[in-house]
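Notes follow once the structure below has been shown.
Letters A, B, ... are given to chains in the order of the sequence lines, protein chains preceding strands, and every chain is numbered from 1. Owing to the predicted nature of the structure, the values given are computational and were not obtained by experimental measurement.
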Amino acid sequence: MKIATWNVNSLKVRLPQVLDWLAAQQPDVLCLQETKLTDAQFPRAEIEAAGYQVVFSGQPAYNGVAILARAPMTELERDLLADDPQKRLLAATINGVRVVNVYVPNGQAVGSEKYAYKLAWLTALRDYLADALKQHEKLVLLGDFNIAPEDRDVHDPEGLAGQVLLSEAERAAFRELTALGLCDVFRLHHQEGGLYSWWDYRAFMFRRKLGIRIDLILASPMLAGSCSSCEVDVAPRRLERPSDHAPVWAEFVV
DNA sequence: ATGGTAGTTTGACTA
């Protein structure tokens with residue numbers, strides 16, 4: 001089972017690239033973040049024509065998540081916090097695997113209101129997963145975490161130390177997820193630094209190879225044990241009008 | 001120290 005995540009930064013703009021990527025990579029599941037579309041605007045027909053079923057949770061202009069899958073999706077769940085208009089979580093069960101797609105808040109700057117919202121959201125996510133892991137032995141939590149777990153995930157850990165995406169409180173929140181038994185499967189297969197999933201559009205950061213690894217695939221113990229590979233596909237980041245994120249995928253032998 | 005770009009949308013905002 002090949003499961004992928006991609007922050008597309010507007011599905012309206014990136015739909016042709018997504019359809020090309022599905023055809024080239026043939027994932028069983030693709031989780032999207034930052035679709036930036038209302039449910040009424042969602043391009044369901046185009047995705048179904050490509051051979052995928054799709055569920056989505058969106059709002060105007062910001063956020064928005066979707067799951068594309070070759071097999072049927074059941075037990076749909078959306079929204080982590082009650083009465084929150086920000087659409088950032090979508091979960092479904094696919095072939096016995098619980099798939100939890102997240103777009104973690106960016107947090108803007110340490111100490112800001114958005115940063116406090118991010119930490120509160122991550123606390124709610126931990127509680128949500130503690131419960132979900134009791135119900136689902138095979139679970140994958142993936143998406144844009146907006147957290148660089150370790151210094152080797154950052155091009156300039158000294159220069160960016162303590163800033164948003166790297167701050168100790170964010171990393172502590174991430175470790176609370178791994179403490180539940182979730183494993184960052186990319187690190188089962190790659191130990192070196194210099195491997196990133198996001199590059200700022202500004203200052204030629206991609207061509208200068210200056211990025212951060214914030215798009216992650218975490219798996220429950222039973223699933224992590226069957227992870228045969230995990231890769232960042234940088235090819236879409238080289239295209240005209242790219243997303244600022246590259247897709248990340250993992251293969252599980254289930 | 002700041003601003004650099006891109007996407008929402010047409011003035012800021014978010015990232």
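- Side chain of A:Asn106, nearest nucleotide from B:dG7, B:dA15, B:dT8: B:dA15.
- Here the closest non-hydrogen pair linking A:Ser197 and A:Val232 is CA-CG1, 4.3 Å.
- In this entry the distance linking CD of A:Gln33 with P of B:dG7 reads 17 Å, nearest Å.
- For B:dA6 and B:dT10, the C1' atoms lie 15 Å apart once the distance is rounded to whole Å.
- Checking A:Lys12 against A:Asn146, the closest nucleotide of DNA chain B that is more toward the 5' end is the one next to A:Lys12.
- At whole-Å resolution of the value, CZ in A:Arg241 and P in B:dT5 are 15 Å apart.
- A:Phe42 and A:Phe56 have parallel rings, their planes meeting at less than 30° on a 0 to 90° scale where 60° marks the start of perpendicular.
- B:dT5 atom P lies 13 Å from atom CZ of A:Arg237, rounded to whole Å.
- Atom pair A:Leu15:CG and B:dG7:P shows a separation of 14 Å (rounding to whole Å applied).
- Counting any heavy atom pair closer than 4.0 Å across all strands shown, A:Tyr103 reaches sugar-phosphate atoms only and no base atom.
- Comparing atom distances between the A:Arg202 side chain and each of B:dT5, B:dT8, B:dC13 picks out B:dT5 as nearest.
- Nearer to the 5' terminus of DNA chain B, by closest-nucleotide assignment, is the contact made by A:Tyr201 (compared with the other of A:Tyr201 and A:Gln41).
- Counting non-hydrogen atoms of neighbouring residues, nucleotides and ligands closer than 6.0 angstrom, the CE atom of A:Met222 reaches no more than 12 such neighbours.
- Ion pairing between a basic and an acidic side chain is recognised when a charged N comes within 4.0 Å of a carboxylate O; A:Arg171 and A:Glu176 show no such pairing.
- Expressed to the nearest 0.5 Å, how far CG of A:Leu11 lies from CD of A:Glu34 amounts to 12.0 Å.
- Atom OH in A:Tyr62 sits about 8 Å away from atom C1' in B:dA12, given to the nearest Å.
- Atom P of B:dA1 sits at a distance of 25 Å from the matching atom of B:dC13, rounded to the whole Å.
- Rounded to an integer number of Å, the gap from A:Phe206 CZ to B:dG4 C1' is 18 Å.
- Atom-to-atom, NZ of A:Lys114 to P of B:dA15 comes out at 6 Å; the value is rounded to the nearest Å.
- One atom, CD of A:Glu34, and another, C1' of B:dA6, lie 11 Å apart when rounded to the nearest Å.
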